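A short worksheet on the structure shown next.
The structure presented is a predicted model; accordingly, all values stated were derived computationally and were not measured. Indexing begins at 1, ligand by ligand and atom by atom, following the structure's order.
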Amino acid sequence: MTSATESTAAELSAHAAAGRRAAWRRLAAYVGRNKGYYAFWLATVLAYTAAFLAIPVLVGNCVKALRLGLGADEVAWRAGILAGVALAGAVVRFFSRILVFNAAREIEYEIRNDLFAQLERLPRSFYSQWRTGDIMSRCVNDTNAVRMLLGVGVLNLIQTPILYLGALGVMFSIDAQLTLLVMLPYPAFILIARTLGRSIHHWSLLVQEGLADLSHRLQESISGIAVVKAYAMEDAMARRFNETNQELYRRSLGVVRANASMPAVVMLLPATAMWLILLVGGQKIVDGGMMPEDFFKFAMYIYQLTFPTFIMGWVVALVQRGAASMQRIDELLSIEPSIQDTPETQHVESIRGEIEFRHLTFRYLGENRGAVLRDVSLHIPAGTTLGIVGPVGSGKSTLVSLIPRLYEVDDGQVFIDGIDLNRIPLKTLRGHIAMVPQESFLFSQTLADNVAFGLERTDAASVRAASERAQLAKDVADLPHGYETVVGERGVMLSGGQRQRTALARALALDPSILILDDTLSSVDAETEAAIQRELDRVFKGRTVVIVSSRVSAVRTADRIVVLDEGRIVESGRHAELIARGGLYARLAQEQAEVNHDGSPAGGAS
Ligand code: ADP
Ligand code: MG
């Protein structure tokens, strides 16, 4: 593909047109799946149109009966038919709107589910390239806009022209000259309606953006409340919030103004048309060239058409916005995950746990900096424990996140059980590897649910066993509802060490073939860390464990330790060998031992 800088304007616009076509195709597919709704709706539109056209004719009939002096009974009978048709029209209209709005809601629901499924499918690299706010807005605002397009938009775009065709047909058959006459003010009116419709649309968009700003501010000050309080910034935060809130208020007044102008203009059109009819038609009636009942029919059609005509400006803006939104949704849905199973994927059902890196060089996608890992070759036999140490930024987390294939590597660089990583089904791979990331995430659910997160279902026995091994069980008794304690957003109810041990328990509950701990125990005190390690040695005998740590104490018992520096393996061996070597590892051990001598613990408090 040509890059944007090399593309000519023609190529760019062809690209944009292709994007629009793809969006419409996708939308058409959603509509197609719900075509039952829309077909039924079209039938109700035709029924409603019949009532819409009949009512002025029936009013004319009553007027005619009055003019001919046909008697009270006859008039009452004709008025009864009129009332019946009006009632039927109202009922049909009610169901008609329900049908089309239901269809729109149904499609909105489907799109949201599809978007969410896509978000779950996309790899980590996607999330470093797209902003969260942008993703959220596509899932929330854009689906809203598409719903409006499919509901109010489709309703008016299809119904209004049908009503017009019918009404103009009847009016022409009565008096062609008069029909043309009353149509005279329409172009000017449509222009005004369009301007006003755009203005309403414009202000509503501004209000929506203002609301987004406001919730962003709100969210930030809620999640940052600890910092706000520590720095005594409450007043400053309140001032900033007020500024945003005031801007939102100003924009809302714009909507109020635009909305208020609408009924005013709505009154003007029929009044103008009536004036024209009376001017010309009045003379005709006096001359006997037109019956009064026909005059009534004209007047009623004009009144009935006013509102649908008027909102066309707004509807067009809404459809345009919906189309743009559908394009943004399509863009997100069209992304093919760079990490997924392919035809080359082999049939692999379980994993023993042998890991091998062969001359692995890795750089993050879209980053212009050099490689994060350089020529890393490393063999971890199944059932052994590997320790990885190294300074911050040396590439430890990057290296281990390649094992469950969180980022993409080329073929021939990483092998599990001797099979190229890219050939192993993702489900098998991730089902047998448990990784506790550096910053693990707890959900706002109970402790038990958080531990059981990777399991098919929450099973109390496994939750307990995993918590025991992770040295979490001893803390559970102190929690208000034990395992059923809701841990709060991101686990705020728990201390840093408890959060880390919960994440560890989550990984242990999976009973994986390969366990990866990425600096998982940094906030756990040295004593608990030692206890966890004894448990791991016991429980994970025969399985592969990779422990990343900035602390030498966490890896000293490992079968093998590698030291990473600037993306390269600079040392490798057992603890005693590396100490004897007197290199980077020995230096790190020395520094950390001194810290311990000062009496302060190597890590933070639990
Ligand atoms: P460590 O775990 O040893 O502290 P990392 O593997 O986290 O090191 O980071 C190694 C390098 O890669 C750092 O320079 C870091 O800035 C960069 N890096 C880490 N994660 C990403 C990412 N998602 N996108 C781009 N660069 C990254
Ligand atoms: Mg790290």
- Message: Is it the case that the side chains of Arg374 and Thr361 hold a donor-acceptor pair, with the cut-off being a distance below 3.5 Å and no angle test?
- Response: no
- Quick one: is the NZ or CZ of Arg358 closer than 6.0 Å to the six-membered ring centre of Phe415, and within 45° of its axis? yes
- So, for Asp518 and Ser397, which heavy atoms are closest and what is the spacing to 0.1 Å? OD2-OG, 2.7 Å
- Task: Anything protein N/O/S under 2.8 Å from the Mg ion (ligand 2)? Just list residue and atom, please.
- Result: Ser397 OG, Gln438 OE1
- Item | Tyr407 and Tyr364 aromatic ring geometry - parallel, tilted or perpendicular at 30°/60° bounds | perpendicular
- Query: By side-chain hydrogen bond (donor to acceptor under 3.5 Å, both in side chains), which residues pair with Asn450, not counting sequence neighbours?
  - Reply: Arg506
- Message: Under a 4.0 angstrom heavy-atom cut-off, which atoms of ligand 1 come close to Val392?
- Response: 4 (O)
- Note on the structure: Under 4.0 Å between heavy atoms, the region of Tyr407 that gets near ligand 1 turns out to be side chain
- Query: Is it the case that Gln590 and Arg587 place a side-chain donor and acceptor less than 3.5 Å from each other?
  - Reply: no
- Item | For ligand 1, the portion of Val372 having any non-hydrogen atom under 4.0 Å away | side chain
- Message: Please list, in number order, the atoms of ligand 1 under 4.0 Å from a heavy atom of Thr398.
- Response: 5 (P), 6 (O), 9 (O), 10 (C)
- Output yes when a side-chain donor or acceptor of Arg217 lies under 3.5 Å from a complementary backbone atom of Thr244, and no otherwise. no
- Is a salt bridge present between Arg138 and Asp134, judged by a nitrogen-to-oxygen distance below 4.0 Å? yes
- Taking both backbone and side-chain atoms of Tyr364, is any N or O found less than 3.5 Å from an N or O belonging to ligand 1? yes
- Task: Give a yes/no on ligand 1: does Gly390 have at least one heavy atom closer than 4.0 angstrom to it?
- Result: no
- Carboxylate-amine/guanidinium contact Arg239 Glu243, below 4.0 Å: no
- Task: Give a yes-or-no answer on whether the side chains of Ser394 and Arg568 include a donor-acceptor pair shorter than 3.5 Å.
- Result: no
- Using heavy atoms and a threshold below 4.0 Å, how should the contact between Pro391 and ligand 1 be classified: side chain, backbone, both, or neither? backbone
- Query: Quick one: which ligand 1 atoms are inside 4.0 Å of a heavy atom on Ser397?
  - Reply: 1 (P), 2 (O), 6 (O), 7 (O)
